[in-house]
Amino acid sequence: MNKFLTAYQPQDEEGLIYERWEKSGFFNPDKLPGSRPETYTIIMPPPNANGSLHAGHALFITLEDIMIRFERMRGKRALWVPGTDHAGFETQVVYERKLEKEGRSRFGLDPKTLYDEIHNFTLENKKNMESQVRSLGASCDWSRSRFTLDPDIVAEVQKTFIKMFRDGLIYRGQRTINWCPKHQTSLSDVETENVEEKTPFYYLKYGPFEIGTVRPETKFADKYVLIHPDDERYQEYKHGQKIEAEWINGPVTATVIKDTAVDPSFGTGVMTITPWHSAVDFEIAKRHQLNIEQIIDWRGKLLPIAGEFAGINIKDARPKIVEKLKEKGLLARVDENYANVVKRCYKCNAMIEPQVKDQWFVKMAPLAKLALGTVDEGKIRFVPDNYEKVFRYWMKNALDWNISRQIVWGIPIPAWLCDECHEGAIGDSDVAPKCGKCGATMRRDTDTFDTWFSSGQWPLLVLNYPDGEDYKTYYPTTVMETGYDLIFRWVPRMVIFGLYLAKQIPFHTVYLHGIVNDAQGKKMSKSKGNVTNPLELTAKYGTDALRIGLVIGNPPAADLALREDKIKGYKHFANKIWNATRFVLENIKDADLVVVPDLLPEHQKYLKQLDEVVNEVTKQLENFRFDLAADHLYHYFWHTFADVIIEETKVIFKSEMEVGGNLATKKSAQWLLYTILVTTLKLLHPFMPFITETIWEYLPPSPQKNGDLLMIEPWPKTDKKV
RNA sequence: GGGCGGUUAGCUCAGUUGGUAGAGCGUUUCUUUGACGUAGAAAAGGUCACAGGUUCGAAUCCUGUACCGCCCACCA
């Protein structure tokens, strides 16, 4: 009781409370009391172990914890599995930045050393992040926690690769890939960003034609002139016809190619192609079986074909080449204000250079069809539902997925490669096989999988697919809660792998949250220096204040401006709960909490109103509107319970003391206050677990308070149907 | 080029099936009352972007416009 003489001190309570929860064992659904036939499962999106928790983590942990605590209290076997992602490329980028700062480079390290260093770095982060997740109150089952590089998970991921290869869903192919010249690896399409830039658009004289380009530095080997077959202006030129042209480094002979890929209304309607460094051009070249030739090396420098420009970085080369073209009279004109879309690496912002490379690809069309089918059947619900459209769009337009990465930090691809004929073979034996096509001795593939290849299988992997008990019990999971920015990167891949491997959807509902921005609604970024560490906020205002502050006013998929004064406001709310509790405790010391007294009519009315609150909050929680549920509770507690009901009972308690009062009235008031407090604490618990659990310990027992741990207390019920 | 979201109080944002506008913070005044000054009571402050339409009634539904933001995109 003494504790209630001061204001609520979250820092004194939270650590102890979490310890009690964890020691209780109830984070593990198999240890929950009661029969609990119904399961409720959330797989936590595994945080990337390459930094510390940010505000986005705090949001998703809060949301998922709300769902889990709610369903646990409702009597379900609520399982929330935490985990950690090695986050292949992302982590390697972070680590390379660290190396750079230390004046070192990945390219000076042998792969084994680099791997071990990143491994240690990751484990360190993992430990740190797990303690941060705990501090946010996450009631997840740590006994089931998994890491994407656990040996059995690695083995399972490799098995999937082999299975897909055998099923004809993975092939080795030479295709245009996104090459990051800084990090020396290929990237999938979702790992690049399209950025619009103003670029000069050059019109160059090419024999009898004028061609347009934004990249004169790629044009050295151009020897095909493309024209639309129906373009009236160029009817005199026939398909296959040779023309002579004076070009950058001397005369060339070019061949006219007629292809409908050319847009007659763009530029002059004539273009030359650079198949090695453009996906479109590559497709055209393949169609007509044209020669393809590399112009730019893997470091972004011009190859010997560029003559005097060989060895120059393409960025520096462009003005020099333009200058030469101008001198030779080949530069017709320049459009200075051309808006061009270029791809950049989503992590380091380097210009992506399209290159042709042998890689492993996942054939997406049949898999995407599977995924679309289940969505058509309404088997997966999206919250908010407009994201179903986004999902569909992406699935309908899915390109084959390059899963090879030229980095060490990841799961090794169990394959052998033939350098002679570009053939690839699967297998993880130690003996190098002979190439089945040309007979040459093959070498081990040193590439690793795209992270999304493993995290796409995450719901299966953490539940120990295919033989684990958890897989049998908890798959398919109930809700996948993640950021809408992962609607492309992650969600479709999980659906695909779930359907392909388990023949079942991985989750019934996809709940998407928005992005946590700074107080002005601007994106947080280290370079802007506007990053808020959630743990600084919890230290100042308490975890509960941060949690409910993140939830209220934040509907599904809405971006959120994180404002410290808002969190501070909800710290006041926590204190309000604390003080109202003190009032109730002081006034029910002599109350009979077992036998229901005769209740005053107005008190019966208040209890009815309380039922409505229970119904409303329950309905909103079921409906994934955590913001409305929390807001409703907030208002009820403060402006009805505290401002009206408590104020009214003050008169009763006061008069009872003064004139001997009316004992029946007092008893009615005591019952009312106790009931409302017990009920609202239960309702508030998913949102503000620490303060509610702390108070629970000090409430006198009664039939309404079954046990010592609020966490597993039954959710309030009403007579009415919800 | 395609798609999505937004435009509501000084700031950041709620407002779920249409029924006289809400929160947090900020501002003003009063109150040191026996839960709470991290508070209470009261108050100021909004033509709900704009223009049409449906309706007895629209912030809410429909159409269009403007501006902002985000996502997707192989016109060189």
Side-chain angles (χ1 to χ4, degrees), chain A residues 4-8 176 178 189-190 193-194 196 201-203 211-215 218-219 222 226 261-274 277-284 338-341 343 354 384 386-387 389-390 392-394 397 399 484-485 487-488 514-515 517-523 541 545 548-549 552-587 616 619-620 623-625 627-628 630-632 634-635 638-639 642-643 646-647 649-650 653-654 657 673:
Chain A
F4 286 94
L5 294 176
T6 65
Y8 176 56
T176 307
N178 303 303
D189 294 292
V190 292
E193 274 170 2
N194 294 294
E196 194 169 282
F201 190 81
Y202 304 96
Y203 287 93
I211 58 154
T213 184
V214 289
R215 301 195 68 188
T218 64
K219 293 279 157 198
D222 287 11
L226 278 282
V262 182
D263 177 358
S265 64
F266 185 84
T268 57
V270 185
M271 68 178 202
T272 61
I273 56 167
T274 312
H277 301 289
S278 154
V280 192
D281 294 4
F282 182 78
E283 288 306 314
I284 295 171
Y338 181 70
N340 187 40
V341 175
K343 272 186 195 281
N386 60 320
Y387 276 86
K389 248 200 282 185
V390 182
R392 280 172 185 284
Y393 179 85
W394 194 81
N397 297 283
L399 301 168
Y484 67 70
D485 50 325
I487 187 79
F488 297 131
I515 289 169
N517 292 317
D518 75 0
Q520 278 72 44
K522 299 273 180 256
K523 197 162 196 151
Y541 306 112
I548 199 161
I552 290 182
N554 180 32
D559 289 348
L560 162 81
L562 179 58
R563 299 174 65 248
E564 189 166 335
D565 58 5
K566 186 177 171 191
I567 306 303
K568 192 175 160 190
Y570 291 108
K571 183 194 176 172
H572 296 171
F573 178 51
N575 200 46
K576 192 78 185 174
I577 297 170
W578 192 252
N579 289 315
T581 300
R582 179 190 307 143
F583 177 83
V584 174
L585 291 178
E586 278 172 1
N587 287 291
E616 177 69 13
K619 187 186 93 190
Q620 298 299 3
N623 217 14
F624 297 98
R625 290 305 302 263
D627 56 324
L628 298 181
D631 201 38
H632 194 79
Y634 172 88
H635 283 105
W638 199 312
H639 300 300
D643 289 353
I646 285 185
E647 288 305 319
T649 60
K650 276 182 188 172
F653 293 128
K654 207 171 162 188
M657 277 166 64
L673 291 186

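So you know, we letter chains A, B, ... as the sequences are listed, proteins then strands, and number each from 1.
Between A:Trp638 and B:A23, a side-chain N or O to OP1/OP2 separation shorter than 4.0 Å is absent. Applying the 4.0 Å criterion to OP1 and OP2 of B:U38, one finds that A:Lys576 has every side-chain N and O outside that range. The phosphate of B:G3 has neither OP1 nor OP2 within less than 4.0 Å of any side-chain N or O from A:Arg392. Contact annotation: A:Lys650 reaches the phosphate of B:A35 (side-chain N/O to OP1 or OP2, under 4.0 Å). Of the side-chain N and O atoms in A:His572, one or more sit less than 4.0 angstrom from OP1 or OP2 of B:A39.
One can place CG of A:Leu628 at 7 Å from C1' of B:U16, the figure rounded to the nearest angstrom. Going from atom CD1 of A:Ile552 over to atom P of B:A23 covers 13 Å, rounded to whole Å. Rounding to whole angstrom units, CZ of residue A:Arg582 and P of B:G37 are separated by 8 Å. Summarising the geometry, the separation between CD1 on A:Ile567 and C1' on B:C13 is reported as 13 Å, rounded to the nearest angstrom. Nucleotide B:C11 holds its P atom 18 Å from the CG atom of A:Asn517, rounded to whole Å. When rounded to the nearest whole Å, the span between CG of A:Leu560 and P of B:U12 equals 13 Å.
Across the strands present, B:A41 finds its partner in B:U29; the criterion is a Watson-Crick or G-U wobble pair with both atom distances under 3.5 angstrom. Using N1 to N3 plus N6-O4 or O6-N4 for Watson-Crick, or N1-O2 and O6-N3 for G-U wobble, each under 3.5 Å, B:U63 pairs with B:A51. Look at B:C75: it lacks any Watson-Crick or wobble partner with both distances under 3.5 angstrom. Base pairing annotation: B:U12 forms a Watson-Crick or G-U wobble pair with B:A23, both donor-acceptor distances under 3.5 Å. For B:G69, the paired nucleotide is B:C4, the pair qualifying as Watson-Crick or G-U wobble because both relevant distances are below 3.5 Å.
When heavy atoms are screened at a 4.0 angstrom cut-off, A:Ala561 is found touching the sugar-phosphate backbone but no base atom. Looking at heavy-atom distances under 4.0 Å, A:Lys389 makes contact with sugar-phosphate atoms alone, never a base. Note on A:Arg563: a base of the nucleic acid sits closer than 4.0 angstrom, heavy atoms only. Residue A:Glu564 is out of contact with every strand shown, counting any heavy-atom pair closer than 4.0 Å. No contact: A:Tyr8 has no heavy atom under 4.0 Å from any strand. Residue contacts shown for A:Ala7 include a base, since a base heavy atom lies under 4.0 Å away.
Remark: the A:Asn587 side chain and the A:Thr649 side chain contain no N/O donor-acceptor pair separated by less than 3.5 Å. Judged by distance alone, the side chains of A:Asn575 and A:Tyr570 never bring a donor and an acceptor atom under 3.5 Å apart.
For B:A23 and B:A9, the P atoms lie 14 Å apart once the distance is rounded to whole Å. B:A43 and B:A51 have their P atoms separated by 32 Å, with the value rounded to a whole Å. Using P as the reference atom, B:U55 and B:C62 are 16 Å apart when rounded to the nearest Å. When the P atom is compared between B:U17 and B:A59, the two are found 14 Å apart, to the nearest whole Å. A distance of about 10 Å separates the C1' atoms of B:U8 and B:A49, rounded to the whole Å. Between the P atoms of B:A39 and B:G24, the separation comes to 10 Å (whole Å). With both ends at atom P, the span from B:C71 to B:G64 equals 26 Å, rounded to whole Å. Look at the C1' atom in both B:A41 and B:C67: the space between them is 42 Å, to the nearest Å.
Note that the CH2 atom of A:Trp394 and the CG atom of A:Leu399 stand 8.5 Å from one another [nearest 0.5 Å]. Taken from CD1 in A:Ile552 to CG in A:Leu628, the straight-line distance is 10.0 Å, to the nearest 0.5 Å.
Residues A:Asn587 and A:Asp643 both approach RNA chain B. Their nearest nucleotides, taken by heavy-atom distance, put A:Asn587 toward the 5′ side. Across the interface with RNA chain B, nearest-nucleotide mapping of A:Ala642 and A:Gly553 shows A:Gly553 to be the residue nearer the 5′ end.
Counting atom types as modelled, A:Glu647 pairs no side-chain N or O with a base atom of B:A41 as donor and acceptor under 3.5 Å.
Between A:Tyr387 and A:Ala557, the shortest heavy-atom distance links the atoms CE1-CB, 3.7 Å.
Counting only heavy atoms from C-beta on, A:Tyr570 has its side chain closest to B:G24 among B:U16, B:U38, B:G24.
Not one N or O on the side chain of A:His639 forms a donor-acceptor pair closer than 3.5 Å with the backbone of A:His635.
A:Trp638 and A:Tyr634 have tilted rings, their planes meeting at an angle from 30° to 60° on a 0 to 90° scale. Using cut-offs of 30° and 60° for the angle between ring planes, the A:Trp578 and A:Tyr8 rings count as tilted.
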I would like to know whether A:Phe573 and A:Tyr541 meet ring-ring contact (aromatic ring centres under 6.0 Å, His included); could you show each step before the answer? CA-CA 11 Å; A:Phe573 178 51; A:Tyr541 306 112; over 10 Å; no
Checking side chain to side chain contact (heavy atoms under 4.5 Å, CB included) for the pair A:Leu226/A:Asp281: CA distance, chi angles, key distance, verdict? CA-CA 10 Å; A:Leu226 278 282; A:Asp281 294 4; over 6 Å; no
Letter per nucleotide, 5' to 3', of nucleotides 70-76 of chain B [B base touched, S only sugar-phosphate touched, - untouched; heavy atoms, 4.0 Å]: -SSBBBB
